[in-house]
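Down below is the structure, laid out as structure tokens.
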Amino acid sequence: MEEKQLVSSFCLCARIMPLNLYLCPMQILDGKIASQAVKEKLKSTVAHLVAEGKRPPHLAVIIVGNNGASETYVASKVKNCAEIGFGSTLIRLDNDVPESVLLQQIETLNNDPAIDGILVQLPLPKHISEPKVIETISADKDVDGFHPVSVGKLVQGLPTFVPATPYGIMLMLEYYQISTKGKHAVIIGRSNIVGRPMSILLSSSHAYGNCTVTVCHSHTPNLKEFCLQADILVAALGKPEFVTADMVKPGAIVIDVGITRVADATAAKGFKIKGDVAFEQVAPLTTAITPVPGGVGLMTIAGLLQNTLQAYLNKFN
Ligand code: NAD
């Protein structure tokens with residue numbers, strides 16, 4: 001926790017308050033620092049396992065096709081495994097691979113005792129059923145936490161694999177010791193991989209839970225009114241810079257999950273990564289905020305690595 005940084009310890013909030021000024025401390029929730037702390041612990045756990053003569057945990061990643069963003073995510077997952085001493089196997093399949101071949105590949109990995117976790121990078125080509133793929137992955141190796149068994153256990157508060165992004169956000173809240181108890185959390189987005197599990201985690205009875213949660217989505221009328229009530233605002237809708245200053249309560253904690261590639265001719269890669277929050281105008285209003293890039297994305301990998309270690313430990317305990 002020594003590395004924890006209080007960036008820009010005091011900033012002027014633009015909103016008109018009783019004294020026409022609202023001073024609030026604003027903390028950047030830095031995914032690089034928080035994920036590094038998680039990875040250091042994992043690295044040391046692996047070192048101990050290996051010192052005892054045991055094999056390290058091993059993650060298998062399947063990528064179908066050559067979607068640019070998916071390539072980046074998969075490369076990062078493999079690199080992070082190497083950094084902490086996990087083994088990894090990357091399996092590439094063509095964009096037009098028959099669904100049956102992908103399912104057979106998953107079965108092979110399910111039956112391989114040397115593989116602890118299996119991840120199929122989403123999205124998949126249209127001819128492949130994502131639910132079928134997710135259900136084919138053995139629940140014991142479901143390190144993405146998308147299998148119905150994992151989701152069911154999460155809802156019931158049982159130990160399970162928590163979807164990596166919401167898990168990463170919880171690890172972030174824990175690292176920065178953000179108090180959540182009794183707070184009103186508003187989540188924009190209800191997807192199975194982010195919004196829905198996030199709502200379950202924040203409303204559950206545990207440290208960094210115990211919130212009153214409102215889930216908003218594309219059919220929510222008066223979204224702004226809900227957002228303005230949020231002590232904790234989680235933006236996970238995939239619309240760049242959607243959340244603007246007029247939607248944020250002064251002093252709120254803002255978690256920006258969004259990652260969208262926005263074309264930008266001035267950028268070396270031809271695009272820039274944008275979050276769902278208009279950071280420049282929103283950050284000064286907040287008590288704490290995650291940047292994009294450098295926030296939740298890095299924590300997602302930390303969550304995935306934690307799940308992979310858990311899958312390994314479950315096997316031997
Ligand atoms: P999704 O498209 O599956 O779901 C989007 C959700 O937002 C839906 O529930 C929809 O109802 C809601 N929504 C859409 N427009 C809305 C509007 N105008 N008002 C209110 N709600 C609206 O997306 P997803 O998979 O949950 O991802 C959301 C974003 O998070 C994307 O940008 C994605 O790239 C990003 N993401 C980031 C990470 C990470 O590691 N940081 C991981 C997963 C997803």
Side-chain angles (χ1 to χ4, degrees), residues 29-32 34-35 38-39 61 67-77 79-80 119-124 126 130-131 133-134 143-146 151 161-173 185-202 213-230 233-244 246-248 254-263 271-279 289-307:
L29 304 176
D30 189 324
K32 201 169 179 190
S35 67
V38 174
K39 288 195 291 181
V61 180
N67 171 294
S70 293
E71 288 282 356
T72 308
Y73 297 144
V74 162
S76 174
K77 286 164 186 172
K79 180 169 157 268
N80 275 276
L119 179 155
V120 179
Q121 187 64 43
L122 303 180
L124 290 166
K126 291 219 163 15
E130 285 188 2
V133 166
I134 288 167
V143 288
D144 246 345
F146 298 160
V151 178
F161 300 116
V162 176
T165 300
Y167 190 10
I169 293 171
M170 298 311 283
L171 291 170
M172 171 88 94
L173 295 176
V186 174
I187 299 168
I188 315 176
R190 58 180 168 186
S191 73
N192 287 340
I193 64 169
V194 189
R196 184 75 63 203
M198 199 63 228
S199 71
I200 295 163
L201 288 164
L202 284 175
V213 175
T214 301
V215 180
C216 298
H217 47 77
S218 48
H219 294 277
T220 301
N222 308 323
L223 180 73
K224 182 175 159 183
E225 282 173 28
F226 287 107
C227 292
L228 280 168
Q229 293 171 32
L233 181 61
V234 181
L237 69 161
K239 296 211 158 56
E241 303 191 328
F242 180 90
V243 175
T244 45
D246 60 328
M247 298 168 75
V248 177
V254 175
I255 309 291
D256 189 352
V257 185
I259 296 183
T260 306
R261 290 181 171 198
V262 177
F271 64 85
K272 276 195 175 153
I273 300 290
K274 294 277 181 195
D276 286 345
V277 176
F279 185 88
I289 185 166
T290 61
V292 176
V296 172
L298 298 170
M299 298 311 296
T300 294
I301 294 189
L304 169 70
L305 298 172
Q306 278 284 162
N307 276 343

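We count ligands from 1, going down the list as the structure has it; atoms in each ligand are counted the same way.
In this structure, Asp30 and Pro291 have side chains that are not in contact, with every pair of non-hydrogen atoms separated by 4.5 Å or more. Looking at Phe271 and Val262, their side chains never come closer than 4.5 Å, going by heavy atoms from C-beta outward. By the 4.5 Å heavy-atom criterion applied to side chains, Glu241 and Val277 are not counted as neighbours. Taking the side chain as every heavy atom from C-beta outward, Met299 and Ile169 never approach each other to under 4.5 Å. Val215 has its side chain out of reach of Val186: every pair of non-hydrogen atoms, C-beta onward, lies at least 4.5 Å apart.
Using a 4.0 Å cut-off to heavy atoms of Ile188, the atoms of ligand 1 that qualify are 20 (C), 21 (N). Each of the following atoms of ligand 1 lies closer than 4.0 Å to a heavy atom of Ala236: 5 (C), 6 (C), 7 (O), 28 (C). Remark: ligand 1 atoms within the under-4.0 Å shell around heavy atoms of Val296 are 41 (N).
Atom 6 (C) of ligand 1 has Gly189 CA, 3.6 Å as its closest protein atom, hydrogens excluded (heavy atom only). The closest protein non-hydrogen atom to atom 25 (O) of ligand 1 is Ile193 CD1, 3.4 Å. Of the protein's non-hydrogen atoms, the one nearest atom 15 (N) of ligand 1 is Lys239 NZ, 3.0 Å. Counting protein heavy atoms only, atom 26 (O) of ligand 1 is closest to Ser191 OG, 2.5 Å. Nearest to atom 8 (C) of ligand 1 among the protein's heavy atoms is Arg190 N, 4.0 Å. Here the heavy atom of the protein found nearest to atom 20 (C) of ligand 1 is His217 O, 3.1 Å. Distance from atom 17 (C) of ligand 1 to its nearest protein heavy atom, with residue and atom name: Leu237 CD1, 3.6 Å.
By heavy-atom distance, the residue among Pro240, Gly238, Ser218 lying nearest atom 10 (C) of ligand 1 is Ser218. Taking only non-hydrogen atoms, the option from Phe226, Tyr73, Phe242 nearest to atom 18 (N) of ligand 1 is Phe242. The residue among Leu223, Thr165, Leu122 with a heavy atom at the shortest distance from atom 42 (C) of ligand 1 is Thr165. Ranked by closest heavy atom to atom 27 (O) of ligand 1, the top entry among Val194, Ile187, Thr300 is Val194.
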### Derivation of the side chain to side chain contact (heavy atoms under 4.5 Å, CB included) call for Ile134 and Phe146
CA-CA 7 Å; Ile134 288 167; Phe146 298 160; 3.8 Å; yes

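Thr72 and Arg261 share a side-chain donor-acceptor pair at under 3.5 Å.
For atom 2 (O) of ligand 1, no protein heavy-atom neighbour is found at a distance under 4.0 Å.
Summarising the geometry, atom CG belonging to Leu233 is positioned 9.5 Å from atom CD1 belonging to Ile187; distances are rounded to the nearest 0.5 Å.
A pairwise comparison of heavy atoms in Asp276 and Ala235 identifies OD2-O, 3.6 Å as the closest pair. In terms of heavy-atom proximity, Leu124 sits nearest to Glu130 at N-OE2, 3.0 Å. For the residue pair Ile259 and Tyr73, the shortest heavy atom distance occurs at CG2-OH, 3.4 Å.
At a 4.0 Å heavy-atom cut-off, ligand 1 does not touch Thr220 at all. Contact annotation for Met299 and ligand 1: no heavy atom of the residue comes within less than 4.0 Å of the ligand. Of all the heavy atoms of Ile259, the ones lying under 4.0 Å from any atom of ligand 1 are found in both the backbone and the side chain.
Residue contact annotation: Gly195 has no non-hydrogen atom under 4.0 Å from ligand 1. Under the 4.0 angstrom criterion for non-hydrogen atoms, Val257 is in contact with ligand 1.
With Ser191 contributing its side chain and Val194 its backbone, the two residues share a donor-acceptor pair below 3.5 Å.
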